Amino acid sequence: MRAFTYERAKTPAQAAAAVAGTQGAKFLAGGTNLLDLMKLEIETPTHLVDVQDLGLDRIERGTDGGLRIGALVTNSALATDARVRRDYGVLARAIVAGASGQLRNKATTAGNLLQRTRCPYFYDTNQPCNKRRAGSGCAAIGGFSRQLGVIGTSDQCIATYPGDMAVAMRVLDATVETVKADGTTRTIPIADFHRLPGDDPQRDTNIERGELITAVTLPPPLEGVHVYRKVRDRASYAFALVSVAAVIHKDGAGRVAFGGVAPKPWRVEAAEPALREGAKPVAAQMFAGATPRHDNRFKILLAERALASVLAEIKEG
Amino acid sequence: MRDHPDYSLSRRDILVSGAAGIAATSMTEGAAVAGTSRPPDAPPAAAVAFKVNGKARKLSLDTRTTLLDALREHLKLTGTKKGCDHGQCGACTVIVNGQRINSCLSLAVQHEGDAIVTIEGLGTPDKLHPMQAAFIRHDGYQCGYCTPGQICSAVAMLDEIARGVPSHAQVDITANPEATSGEIRERMSGNLCRCGAYSNIAEAVAEIAGSRA
């Protein structure tokens with residue numbers, strides 16, 4: 001790990017200013033992804049601004065009947081909140097499908113959103129990786145791609161966004177609240193939060209340097225059955241090959257997003273009216289233009305079948 | 001061995017003295033390059049104070065020091081183990097402010113004012129924690145390396161069930177969880193055992209939870 005200086009910020013604006021004003025500075029929340037990458041010197045911050053004292057660890061009822069989740073609410077605390085379990089079941093289920101009990105106790109809401117979009121070649125510093133080092137090439141393309149992206153990827157990068165929580169938040173139309181160093185705030189729809197790699201795979205999100213996430217807000221609860229189905233190579237503590245986040249009404253209408261298939265939670269609103277007709281037409285629209293590799297071609301059919309299974313289960317009640 | 005007067009000569013002593021030897025070598029090299037005991041380009045250090053197993057501790061550490069390394073290398077609490085050092089195996093699991101975490105993925109300086117419990121704080125050879133005794137009764141280990149992490153994790157995990165923290169194993173996410181076999185297995189998935197003692201570990205945990213493995 002490279003050496004770094006450390007400070008604990010007292011207010012969100014102060015934290016944002018500290019990162020914006022210090023070359024090589026980064027925010028530190030739970031640290032479960034950042035410290036892992038620092039040990040491998042994939043992340044090499046020279047200054048860490050610890051945000052744990054900012055008081056952003058509460059879940060509050062929004063004036064519109066939704067929920068405002070503080071940036072530092074842990075995954076465990078969020079999944080345990082009675083309102084989340086009752087009204088946003090897809091979110092509670094997605095969170096407990098991710099990581100391990102130990103990691104969920106430390107991982108925060110904002111940190112979970114900001115975990116790197118990544119692949120095994122990103123972690124292997126002996127391999128070329130455009131995300132790790134611009135212009136060095138992509139070992140994943142032509143490499144072992146079973147776990148990697150089939151849509152939204154580019155010829156620079158085929159890594160997937162590995163999180164579960166954000167896939168549920170995408171279905172729920174969450175918004176991300178931030179503050180910048182000058183004190184200005186903005187809200188970013190979750191749909192626009194994560195980026196596709198294009199020609200710049202080093203940038204995973206549309207957040208700016210020194211911009212601090214303060215909260216994630218959920219709109220009022222969505223009626224319908226909330227489901228998160230995760231398909232993976234082992235029963236627990238593994239990234240998704242494919243995951244399905246869905247909220248489906250009695251009449252078959254609803255919303256769906258997939259995880260494990262793209263560099264961001266994958267939702268195509270235009271495909272959702274087809275949910276009444278079953279999984280096949282929905283998947284056909286959602287994966288139109290997909291560019292799978294030999295090893296991960298199965299994901300498209302797996303996604304369709306996982307969705308079909310979810311829809312069948314809901315129909316049976 | 002003067003640093004470790006409590007130990008009789010054992011395989012552990014040899015390992016410890018080997019590690020100390022490496023540390024001494026690198027310190028010598030560092031001093032030779034810089035020419036002073038504290039070179040001007042010394043890595044940034046920070047002070048941190050926390051409680052470990054009820055005892056107040058104050059340390060000045062290289063900011064890079066993980067909680068795991070602070071416990072093992074600085075406080076000589078070597079019960080907590082370093083397995084993968086990347087949050088994948090759970091051998092480093094300790095209980096911080098009542099919650100289990102991977103101590104390898106946390107900087108010591110993040111824990112100012114925290115209350116940390118390690119395997120040494122759960123029980124002693126003369127007064128075992130019930131979970132430790134259950135692991136012995138059920139032979140819940142083979143080499144024993146993952147065991148301190150398994151036990152810290154299991155103790156905190158049962159508390160999570162009691163507090164209503166949900167898991168992937170629940171059919172109804174709104175229900176209060178119960179310590180069933182399926183729940184225990186799912187909730188312990190962050191602790192790997194390369195010897196494969198899982199069935200005995202599950203039985204030990206189930207005994208303490210009052211359920212069948």
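Owing to the predicted nature of the structure, the values given are computational and were not obtained by experimental measurement. Chain A is the first sequence line, chain B the second, and so forth, proteins listed ahead of strands; every chain is numbered from 1.
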Counting only heavy atoms closer than 4.5 Å, note whether [X] contacts chain B via side chain, backbone, both or neither.
X      : result
A:R2   : backbone
A:A107 : neither
A:L28  : side chain
A:D50  : side chain
A:A82  : neither
A:L48  : side chain

Judged by atom type as modelled, is there a donor-acceptor pair below 3.5 Å linking the side chain of [X] to the main-chain atoms of [Y]?
X      : Y      : result
B:E207 : B:A204 : no
A:S76  : A:R104 : yes
A:R85  : A:L78  : no
B:T65  : B:L61  : no
A:R170 : A:A168 : no
A:H226 : A:V90  : yes
A:Y88  : A:L172 : no
B:N200 : B:H138 : yes

With a 4.5 angstrom heavy-atom cut-off, could you sort out which part of [X] is near chain A: side chain, backbone, both or neither?
X      : answer
B:T93  : side chain
B:D172 : backbone
B:Q170 : both

Practice task
Return the option, out of A:L103, A:T80, A:V84, A:T32, with the maximum number of heavy-atom pairs under 4.5 Å with chain B.
Solution key: A:T80
Practice task
Look at A:Q52, A:R86, A:R234 and state which one has the largest set of heavy-atom pairs under 4.5 Å with chain B.
Solution key: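 Counting heavy-atom pairs under 4.5 Å, the top option is A:Q52.
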Handout entry: Greatest number of heavy atom pairs closer than 4.5 Å to chain A - which of B:T66, B:N191, B:V96, B:D85
Key =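 When all of B:T66, B:N191, B:V96, B:D85 are compared, B:D85 has the most.
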